[in-house]
Amino acid sequence: MVERRFVFPGVIELNVQARRRLGVNIYLIDGGDGYILIDVGFLDELGDVLELIRQMNYSLSACKMIVATHADADHTQGLARARDLLKCPVVAHPKSVAPLESGDEVTTYARIDAQNIHIPMPPCKVDRTIDEGDILEVGDKRLEVWSTPGHTAGQLAFRMGELLFSGDNIFRDGSVGVIDAHHGSNLPDFVKSLRRIRGADVEFLLPSHGPIFRKDNGLIDATIARLETYMHLADFGTCAVDWPLLDEWEEELASGRLPG
């Protein structure tokens with residue numbers, strides 16, 4: 001048995017527990033008489049993840065549910081196998097159901113032909129859907145479900161007291177989850193979700209990638225400003241809401257003004 005390293009009462013992050021990167025952050029919420037897992041990561045890492053849980057003297061049968069923060073392959077490629085081994089329900093946002101149950105390689109980012117990325121995406125049944133305002137309970141722990149779309153339509157976050165499991169919404173360096181129209185990203189929704197996180201009276205953000213960090217409104221403000229700029233540039237193509245430069249150009253053409 002190895003000592004359990006709680007990052008907060010009742011919360012173990014398995015990369016921190018392992019003292020090495022396992023890939024995506026995986027949170028074990030210990031309710032005393034059982035636990036839930038938030039994400040499971042890649043299939044190749046699943047054996048190490050489950051072995052680590054065993055080493056901490058948790059029974060695999062004590063897992064009450066696996067929660068998918070969203071459908072991306074780096075969070076869910078091991079989901080179907082974990083569901084089979086742990087024999088517990090998988091829960092996700094309604095907009096994550098179709099890509100998870102069909103094993104949609106494009107929407108889940110398992111396949112990006114331009115970068116020669118192609119990993120298997122085993123389909124996984126979603127046993128229960130969760131959405132804004134739902135409560136997840138395990139023992140004495142309660143997590144309030146937040147719908148925080150933007151990175152993906154089905155992105156979820158979970159509030160537990162002063163903690164917010166913030167998914168791919170924002171990371172400690174101000175980065176955010178990938179923005180791509182094929183992926184279902186939406187910049188106005190992303191900004192709205194970030195504003196909600198900024199306004200929340202939580203103290204710590206527990207992201208899906210990288211280190212846990214104290215909520216920093218200045219950092220969030222800078223990220224919001226960056227995304228608001230992207231909304232009006234061609235940099236993000238179909239994710240942008242408009243391109244004011246074209247309106248300016250039409251006015252210049254109509255005026256007959258020459259360049260320079």
Check: Taking NZ, NE, NH1 and NH2 as the nitrogens, is one of them in K192 or E228 under 4.0 Å from a carboxylate oxygen of the other?
Finding: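 Not counted as a salt bridge, because no side-chain N and carboxylate O are separated by less than 4.0 Å.
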
Checklist line | Lys/Arg-Asp/Glu bridge criterion (N-O < 4.0 Å) met for K64, D33 | finding: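 Between D33 and K64 there is no salt bridge, as every charged N stays at least 4.0 Å from the carboxylate O atoms.
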
Check: CZ of R81: more than 12 outside heavy atoms within 6.0 angstrom?
Finding: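 Open.
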
Checklist line | NE2/H182: more than 12 non-hydrogen atoms of other groups inside 6.0 Å | finding: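 It does not: H182 NE2 has 12 such atoms or fewer within range.
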
Next item on the list: Decide salt bridge (Lys or Arg N to Asp or Glu O under 4.0 Å) for R159 and D201; before the verdict, give the C-alpha distance in whole Å, the side-chain angles of both, and the deciding distance to 0.1 Å.
Entry: CA-CA 10 Å; R159 177 169 184 166; D201 58 341; 2.8 Å; yes

Note to self: Would you say that P149 contacts Q155 through its side chain, given a criterion of any heavy-atom pair below 4.5 Å between the two side chains?
What the structure shows: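 Counting from C-beta outward, P149 and Q155 never come under 4.5 Å.
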
Check: Side-chain contact, heavy-atom cut-off 4.5 Å: T129 with V91?
Finding: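 No, their side chains stay 4.5 Å or more apart.
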
Item checked: Identified salt bridge (Lys or Arg N to Asp or Glu O under 4.0 Å) partner of D48 from the options R54, R20, R21 ->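 With D48 as partner, salt bridge (Lys or Arg N to Asp or Glu O under 4.0 Å) holds for just one option, R20.
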
Under 3.5 Å, side chain of [X] to main-chain N/O of [Y], donor-acceptor pair present?
{"X": "R196", "Y": "R198", "result": "no"}
{"X": "S255", "Y": "E252", "result": "yes"}
{"X": "Y27", "Y": "L14", "result": "no"}
{"X": "Q55", "Y": "V2", "result": "no"}
{"X": "D180", "Y": "S185", "result": "no"}
{"X": "Y58", "Y": "G34", "result": "no"}

Check: Looking at the rings of F8 and F204, which for Trp means the six-membered one, are their centres under 6.0 Å apart?
Finding: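 Ring centroids of F8 and F204 are less than 6.0 Å from each other.
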
Check: How about H70 and H75: are their ring centres within less than 6.0 Å of each other?
Finding: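 They qualify: ring centres under 6.0 Å apart.
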
Item checked: Among Q17, R19, E13, the one residue meeting side-chain hydrogen bond (donor to acceptor under 3.5 Å, both in side chains) with N15 ->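 With N15 as partner, side-chain hydrogen bond (donor to acceptor under 3.5 Å, both in side chains) holds for just one option, E13.
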
Checklist line | Qualifying residue, where the test is side-chain hydrogen bond (donor to acceptor under 3.5 Å, both in side chains) with H151 and the options are N186, D72, T69, N169 | finding: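 Exactly one option meets the side-chain hydrogen bond (donor to acceptor under 3.5 Å, both in side chains) with H151, and it is D72.
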
Notebook entry, point to check: So, S175 versus D173: side-chain donor-acceptor pair below 3.5 Å or not?
Noted result: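 Side-chain D/A pair, S175 to D173: present.
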
Next item on the list: Check Q77 against M121 and note the closest heavy-atom contact, atom names and distance.
Entry: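 It is CA-SD, 4.1 Å.
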
Next item on the list: Sort and list the pairs that fulfil salt bridge (charged side-chain N to carboxylate O under 4.0 Å, His left out) and have at least one residue in residues 207-216, not counting sequence neighbours.
Entry: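 Matches after skipping sequence neighbours: E203-R214.
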
Note to self: Here's a test for you: under side-chain contact (heavy atoms from CB on, under 4.5 Å), which of V126, V90, L43 qualifies with L79?
What the structure shows: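 With L79 as partner, V126, V90, L43 yield a single side-chain contact (heavy atoms from CB on, under 4.5 Å), made by V90.
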
Notebook entry, point to check: Can you hop from F171 to L194 via hydrophobic side chains spaced under 4.5 Å?
Noted result: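 Shared cluster, no.
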
Checklist line | Cation-pi, F158 ring and R142 (6.0 angstrom, 45 degrees) | finding: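 No, R142 does not lie over the aromatic ring of F158.
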
